[in-house]
2 protein chains.
Amino acid sequence: MDIFLQSVGALNDETRIRILAFLSRHGRLCVCDLESSFNMIQSRLSRHLKILKEAGFLRVEREGRWAYYSIRSPLDRFRQEALNEIATLPLELPELSTSCTPKGNP
Amino acid sequence: MDIFLQSVGALNDETRIRILAFLSRHGRLCVCDLESSFNMIQSRLSRHLKILKEAGFLRVEREGRWAYYSIRSPLDRFRQEALNEIATLPLELPELSTSCTPKGNP
DNA sequence: TAAATAGATCAATATATCTTGATATATTAA
DNA sequence: TTAATATATCAAGATATATTGATCTATTTA
């Protein structure tokens, strides 16, 4: 129950849905890339990323001072189906903006 | 987006998850059956049933003064997968109690 | 027609979640 | 070692959602 509620709770927010869609499309991004792409303050993104990570949707790789987030793989059936559903939504996502990483982004 | 968020929002509550599991197991029940099974006040159940119905999980059939709720069929992929997931959860559900329907329950 | 029953809805309160701005931590660059 | 950068976390206020008890509607029974 709790694990399912945690997954569902993580999906129950427009910002997090957009983050999932954006990471599905662009792969592995650091917080500051998301920050400049979404034009959101950093604490807000960091919090949402934490919720998505703890719910099993994302993984993080720390490299120096950067934290790279990406869709976790493999996902279980329910999370994968949720992600498939999100991929079909007519979301207007921002362009990818990487201005915050002068040298960091591989 | 909104339709997905509505589905997810409907799933984002322990009471509603239990109602879905209970209706999956027992089929078609009226509000008063759920009321006596779950030992919950009627307004609370009615509200949760409305949310599940509007999110596309349930259908209602009115018969006289009774309102019979059941899992809507067919469900789309995401809702069906959510229901499958709920079916695997180790929920402790109440026994079915139909004391409230002296003659109504087919 | 009056009383009883099933269910829906509303208003008030309680509880949870989100957003923001400030601050803390860690890493790298000067 | 100091400053700057990337990220995380915290506290306060704002917003959303859940619960309860009361009331309303519709239907059936006496």
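Just so we're on the same page: letters track the sequence lines, and every chain starts at 1.
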- Would one find a side-chain N or O of A:Tyr69 under 4.0 angstrom from OP1 or OP2 of D:dA6? no
- Message: Less than 4.0 angstrom between a side-chain N/O of B:His48 and OP1 or OP2 of D:dT17, yes or no?
- Response: no
- Message: Under 3.5 Å, is there any donor-acceptor pair linking the side chain of B:Ser43 to the base of C:dG7?
- Response: no
- The side chain of A:Arg65 lies closest to which of these nucleotides: D:dA6, D:dA8, C:dA6? D:dA6
- Donor/acceptor link under 3.5 angstrom from B:Ser46 side chain onto base of C:dG7: no
- Output the single nucleotide from D:dT7, C:dC18, C:dA6 whose closest atom is nearest the side chain of B:Trp66. C:dA6
- So what does B:Arg47 touch, heavy atoms closer than 4.0 Å: a base, only the sugar-phosphate, or nothing? base
- Task: Ignoring hydrogens and angles, answer whether the base of C:dA8 and the side-chain atoms of B:Gln42 contain a donor-acceptor pair closer than 3.5 Å.
- Result: yes
- From the list C:dA8, D:dG21, D:dA8, which nucleotide is the closest neighbour of the side chain of B:Ala67? C:dA8
- Item | Residue B:Thr15, side-chain atoms from C-beta onward, closest of D:dT19, D:dA18, C:dG7 | D:dT19
- Query: Are B:Gln80 and B:Asn84 linked by a side-chain donor-acceptor pair shorter than 3.5 Å?
  - Reply: yes
- Message: C:dT9, OP1 or OP2 - any side-chain N/O from B:Lys50 closer than 4.0 Å?
- Response: yes
